[in-house]
Number of protein chains: 2
Amino acid sequence: LARVALDAMGGDFAPRATVAGALLALAGLPAEHTIQLVGRAAVVERTVDELLAGEFAAHRAHRDRITVVDAPDVVEMSDKPTVVRSKPGSSMVVGLRLQAEGESDAFVSAGNTGAQMAASLFVLKLHGDLKRPAIGTLFPTARGSVVVLDSGANVDCRPEELVQFARLGTVYAQDMLGRENPAVGLLSIGEEAEKGNAAVKEAHQLLRAEPGLNFVGNVEGRDIPLGRCEHDALDVVVCDGFVGNVLLKFYESLAPMLMDVFATELGASREALLAAFKELDHAEHGGAPLLGVKGVSIISHGKSSPRAIKNAIGVALRAVETRMSEHIGRRLADAAAANERHETASTSSSVA
Amino acid sequence: LARVALDAMGGDFAPRATVAGALLALAGLPAEHTIQLVGRAAVVERTVDELLAGEFAAHRAHRDRITVVDAPDVVEMSDKPTVVRSKPGSSMVVGLRLQAEGESDAFVSAGNTGAQMAASLFVLKLHGDLKRPAIGTLFPTARGSVVVLDSGANVDCRPEELVQFARLGTVYAQDMLGRENPAVGLLSIGEEAEKGNAAVKEAHQLLRAEPGLNFVGNVEGRDIPLGRCEHDALDVVVCDGFVGNVLLKFYESLAPMLMDVFATELGASREALLAAFKELDHAEHGGAPLLGVKGVSIISHGKSSPRAIKNAIGVALRAVETRMSEHIGRRLADAAAANERHETASTSSSVA
C-alpha cells in the first residue's frame with residue numbers, strides 16, 4: 001500500500017495533465033495504491049469531474065482512490081526557490097508536509113524544480129551530514145542505462161560532495177535499476193588518478209579509500225555511451241552538476257540533430273534512432289528522484305504529459321517499495337561512522 | 001610558399017604513416033609548398049626511399065620538395081611533458097626551432113600531445129599576456145561546425161582564461177572556417193546570466209563588456225548539436241578544458257554506440273550516420289591548431305593514418321595562409337590595450 005501525493009498544480013499543462021496522469025496511473029496499479037491530488041480544491045475537483053465525465057469515463061471506478069487535498073497557493077514557474085517560505089500554503093509545501101507527517105509516502109511534481117528542491121529540503125530535510133541533494137539521470141548506453149549524477153542540482157562541487165554522489169548513485173542503481181554491486185566511475189579527462197581538475201583529483205583519492213564502494217576509477221566522456229570503461233561495466237557516473245547538466249542537455253538534443261542531418265536517408269531507422277534515445281525522453285522515465293532527502297520527492301519535467309506523470313508516479317512507487325530513502329540514510333550513516341573510526345584510528349596512531 | 005615541418009617520429013604508426021602522409025600531401029599541393037621531415041635522419045631517409053620504391057612510386061617527382069632534418073632524440077608517448085627540456089634534440093624541439101628561427105612556417109605532430117604543448121610554449125612562446133594555450137575542436141552540428149574550446153589543454157579555468165578562449169575561438173572561426181563575425185556562446189546550465197558555476201558567472205560579465213566580440217550569451221549543452229541557440233547562430237562555444245574534453249570524448253563515442261544499438265535496423269543509414277559524425281573523425285580534420293602560440297603548431301591524433309597526416313598538413317597550410325597566429329596576436333594586443341584604457345578611465349573618473 002502506498003499513498004502518492006501529486007502536485008496537481010505543477011507543470012505547464014496542469015491541472016489537466018496532472019489529473020489525467022493520476023487517472024492513468026491508478027488504472028495500471030494494484031487497488032491498494034492511492035493518490036492525493038494536492039492543489040486548489042475547487043479547481044482540482046472540477047478537473048477530476050470533467051475528465052471522468054469525458055475522455056476518462058472508463059476510469060470512474062478509480063475515483064475513490066483519489067483524495068483531493070486543498071492547497072490555496074500556487075508556485076509559478078518564474079518564482080525563485082525562496083517562494084516556498086512566502087507561500088506555505090502552496091501545493092508543493094502542503095504535498096510534502098503530508099509525507100513529513102506520515103500521511104503520504106511520496107511526492108511528485110512537474111512544477112518549478114528549484115522550488116521543489118527548496119521545499120523538499122525545508123520540509124523533508126536531508127539525511128545525515130548531507131549538505132545538498134543531488135539529481136540522478138539515466139543515460140541510455142550500448143549496455144543499458146547508466147546513472148549520471150549530479151545532473152544539475154549542484155555546481156562548484158567539493159571533493160566530499162562528489163563522494164556523496166557516489167554513495168547516493170550506488171543506492172539509486174541498486175534500488176531503482178536492480179544492479180547488485182554498482183560499478184561507480186568518476187568522470188574525468190583521463191584514466192590516470194592524476195588527471196582532472198582539482199576537485200576530481202582529490203575525489204579520486206577519497207573514492208579509492210571508501211569502503212563498500214565498487215569504485216572502478218576515472219572514466220572518460222567516451223565511456224558513457226559505451227556503458228563501460230576499459231575493464232569494467234559502468235552503472236554510476238559521478239560528476240559535478242555543471243558537467244552533468246551540460247552532458248544531459250547535449251545528449252537530449254542529439255536525436256533531433258541526427259534526424260535533421262540524415263533526414264532523407266533515415267527511413268526505417270527513424271524509429272530505431274528514437275528508441276535508442278527513448279530513455280532520455282522525460283515522458284518515458286517520468287521523473288528523477290531528488291536523492292538525499294528523507295523521503296521521496298520526484299522531479300518531473302515541466303512539459304510532462306499525462307503519460308509522463310503516470311510514469312513519474314511509477315518511479316515514486318518503486319522508490320517507496322524498495323525503501324530507497326531508508327537505504328540512502330543507512331549508507332550515509334555507515335560512511336560517516338567509518339570516517340569517524342578512521343579519524344579516531346589516525347589520531348590514536350599519531351598519538352602512539 | 002609555405003614550408004611545413006612534420007614530426008616524422010610522432011604517432012603510433014611513425015615513421016611510415018607520417019612519411020606516407022607527407023607524400024600524399026605534396027601530391028595534392030601546389031609545387032611551391034615543401035615539407036621538412038624531422039626525425040632520425042637515417043630512419044627517415046630509409047622510409048622515404050622504401051615508400052618511393054614501393055607503393056608510392058608514383059610520387060617520386062615530389063622527392064625534391066622534401067628535406068630531411070636530423071633530430072637524434074625521440075619523445076615517447078609515455079614521456080612527461082618536461083621531456084622537452086631533457087631531450088633538446090628531439091624531433092619536436094628541433095621541428096619547432098626551425099619555425100622560431102624563420103626556417104619553417106608550421107609544425108605538425110601526431111606525437112605526445114603534452115610534450116608538443118610544452119615544446120610549443122618553450123620554443124614558440126605565447127602571444128601577449130596569455131598564460132596558457134588552448135585547443136579548439138570542431139563539433140559537427142545540424143548547421144555546420146562549431147568550434148568548442150578549450151577541449152582539453154586547461155582545467156580549473158579562471159574567468160579571464162574563458163575570455164581569452166573567446167578571443168582565440170573568434171579568430172579560429174574567422175580564419176579556419178571563414179565565419180565573418182563569429183557568434184560566441186558561453187557554455188552554462190541556463191541562459192540567464194546568473195546561471196552557472198562561479199567562473200562562468202564572472203566570465204559572462206566580462207564577455208558582455210568585451211568590445212568587438214559577438215557574444216550571444218550563455219548557451220546550454222542542447223545548443224551545440226543544433227548549432228544555434230534560441231535567437232542566434234553559434235560559431236564558437238567557450239568552456240573550460242574539463243567540460244570540453246568530456247563533451248568531445250562523449251560525442252566521439254556516440255557513433256559506435258548508435259551503430260551498436262540499432263545495428264540491424266541501420267542498413268543504408270549506416271553511411272549517413274558515419275557522415276554525420278565525420279567531422280569528429282580525427283583522420284578527417286587532421287589536427288587541431290594549438291591556439292595562442294606565436295606560430296603554427298598542429299596537434300594530430302596519435303593514431304593518425306597517412307590520410308590524417310595529409311589533412312593535418314592542410315590545416316597547417318590554412319593557418320599559415322590566413323595568418324591566424326598574427327591575427328590572434330593582434331586581437332589579444334587590442335584587448336589588452338582596451339582593458340588598459342578602461343582601467344585608466346576608471347582610475348581617472350574615481351579620482352575626479
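Chain naming here is simple, since letters A, B, ... match the order of the sequence lines and numbering starts at 1 in each.
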Q: Quick check: closest heavy atoms across A:I189 and B:G241, and the distance to 0.1 Å?
A: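 Looks like CG2-O, 4.3 Å.
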Q: Do A:Y251 and B:Y251 have side-chain heavy atoms sitting under 4.5 Å apart?
A: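 Result no, sub-4.5 Å side-chain heavy-atom pair not found.
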Q: Taking B:D156 for the side chain and A:A198 for the main chain, is one N or O donor matched with an acceptor at less than 3.5 Å?
A: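 Yes; judged by distance alone, with no hydrogens or angles, the pair exists.
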Q: Nearest 0.5 Å, please: how far is CG in A:L254 from OG1 in B:T141?
A: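 Here the interatomic distance stands at 11.0 Å.
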Q: Can you tell whether the side chains of B:K249 and A:E220 come within less than 4.0 Å, N to carboxylate O?
A: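 Here B:K249 pairs with A:E220 in a salt bridge, since their nearest N and O are under 4.0 Å apart.
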Q: Ignoring hydrogens, what is the shortest heavy-atom contact between B:G196 and A:V155? Give both atom names and the distance.
A: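 Shortest heavy-atom separation between B:G196 and A:V155 comes out as O-CG2, 3.7 Å.
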Q: Where do B:F242 and A:L187 come nearest, in terms of heavy atoms and distance?
A: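 Taking B:F242 first and A:L187 second, the nearest heavy atoms are CZ-O, 3.3 Å.
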Q: So which heavy atom on B:S188 is nearest to which on A:V246, and how close?
A: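 Closest approach of B:S188 to A:V246, heavy atoms only: O-CG2, 3.9 Å.
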